[in-house]
Amino acid sequence: MKSPLLTLPGAVPAEGVDEGVAAHYGDLFREQRALADGTGFVDLSHRGVVAVTGEDRLAWLHLLLTQHVSDLPAGRATEALILSANGHIEHALYLVDDGGTVWAHVEPGTQEALIAYLESMKFFYKVEVADRTADTAVVHLPAGSIAEVPEGVVVRETPHGRDLFLPRADLEAYAAQAGPPAGILAHEALRVEQHRPRLGFETDHRTIPHELGWIGSAVHLQKGCYRGQETVARVQNLGKPPRRLVFLHLDGSEVHLPVAGTELRLAEDSPDGRKIGFITTSARHHELGPVALALVKRNVAVDAPLVAGDTAAAQEVVVAP
């Protein structure tokens with residue numbers, strides 16, 4: 001779904017998964033600094049929006065999600081996953097209940113598969129699931145923003161900022177008074193700095209929540225059964241995940257930024273040494289320079305210098321080995 005804000009001055013369209021919104025508006029670092037200072041907004045109107053209504057909505061979702069939501073207070077933001085039977089991550093939902101409807105935004109293009117799964121699990125519960133992507137746009141206001149929120153707009157407030165579920169018809173008018181726009185690249189750079197994983201970026205077909213630090217924030221360990229719970233409990237109580245998320249400081253003298261999928265090896269190994277991980281997201285940060293998130297094998301020493309392709313990289317621990 002192509003955003004009307006791509007007509008704003010300087011807008012350069014994003015590519016790949018984030019196609020449909022602006023990558024930037026002409027000055028990536030200025031846009032990052034504005035968000036870090038609590039000003040401006042990010043157009044996330046390409047994300048899928050799913051709404052669940054009905055008197056059983058919270059009790060029903062509680063059975064399906066990794067998060068404890070049966071008693072979720074109105075207005076409290078949370079995030080949750082849906083796992084496969086083997087405990088692998090299939091969906092990530094960013095939720096808030098407004099007292100009558102659970103609103104969730106999800107990765108672009110994943111809402112149809114999510115809704116199909118939810119519909120298959122309705123049984124006798126009094127719930128209705130709707131794809132609201134066509135009429136609802138997600139807009140992100142950074143932490144510290146004092147931008148006005150229109151009356152009646154559902155807000156999902158987190159330590160990283162506020163996500164607005166805005167009527168899509170109001171998107172252009174809201175953008176005109178919400179401050180300077182920031183593109184998805186600025187938003188992504190701050191996400192990397194904050195070590196926050198993203199479905200389809202930090203995940204692949206075999207990722208389990210422990211590898212990304214999603215235990216606690218998206219996975220509740222003291223709730224009832226859900227699909228994939230056995231794997232979660234077994235790894236939590238008896239073992240360790242095979243991989244772990246790390247934050248990388250990349251060599252700033254390199255012109256090219258290692259892209260997602262770039263293989264990692266130990267710096268002490270030869271150029272054809274064994275692969276010990278790979279870049280999941282890389283970004284140019286306005287203060288830190290080139291940085292990345294990556295998945296590495298759990299037993300890689302936390303202080304081991306790494307090489308991403310031809311670029312030297314130093315680790316910071318995100319998920320402990």
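Residue numbers count from 1 along this sequence.
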Ser253 versus Asp251, side-chain donor and acceptor atoms under 3.5 Å:
yes
Give a yes or no answer on whether the side chain of Thr207 reaches the backbone of Ile89 with a donor-acceptor pair at less than 3.5 Å.
no
SB check Arg47 Glu107 (cutoff 4.0 Å):
yes
Do the rings of Phe165 and His105 sit parallel, tilted or perpendicular, given the 30° and 60° boundaries?
tilted
From Leu306 atom CG to Leu250 atom CG, the distance as rounded to the nearest 0.5 Å
10.0 Å
Using the side-chain contact (heavy atoms from CB on, under 4.5 Å) rule, take Glu202 and Trp214 through it: C-alpha gap first, then chi angles, then the decisive distance, then the call.
CA-CA 11 Å; Glu202 280 61 58; Trp214 253 329; over 6 Å; no
Just wondering, are more than 12 heavy atoms of other shown residues or ligands nearer than 6.0 Å to CD in Gln177?
yes
Residues at least two apart in sequence or cross-chain that pass side-chain hydrogen bond (donor to acceptor under 3.5 Å, both in side chains) with Ser270, listed by chain then number, are Asp272
Pair Tyr226, Val219 - check side-chain contact (heavy atoms from CB on, under 4.5 Å), show working.
CA-CA 11 Å; Tyr226 54 87; Val219 178; 3.7 Å; yes
Check: Ser45/Asp43 side-chain N/O donor and acceptor closer than 3.5 Å:
yes
For Glu119, look at atom CD and say whether over 12 heavy atoms of other residues, nucleotides or ligands are found less than 6.0 Å away.
yes
Would you find more than 12 non-hydrogen atoms of other residues, nucleotides or ligands less than 6.0 Å from Glu148 atom CD?
no
How are the rings of His140 and His187 set to each other: parallel, tilted or perpendicular (split at 30° and 60°)?
perpendicular
So Lys2 and Glu19, salt bridge (charged side-chain N to carboxylate O under 4.0 Å, His left out) or not? Walk me through it.
CA-CA 8 Å; Lys2 188 174 180 180; Glu19 182 180 2; over 6 Å; no
For the atom pair NE2 (His286) and CG (Leu28), what is the distance rounded to the nearest 0.5 Å?
10.0 Å
Over 12 non-hydrogen atoms of neighbours within 6.0 angstrom of CD1 in Ile146
no
Taking NZ in Lys126 as the centre, count heavy atoms belonging to other residues, nucleotides or ligands within less than 6.0 Å. Is the count above 12?
no
Return yes if some donor-acceptor pair links the side-chain N/O of Arg191 with the main-chain N/O of Arg196 below 3.5 Å, else return no.
yes
Among all residues two or more places apart in sequence or in another chain, which pass the side-chain hydrogen bond (donor to acceptor under 3.5 Å, both in side chains) test with Arg162?
none
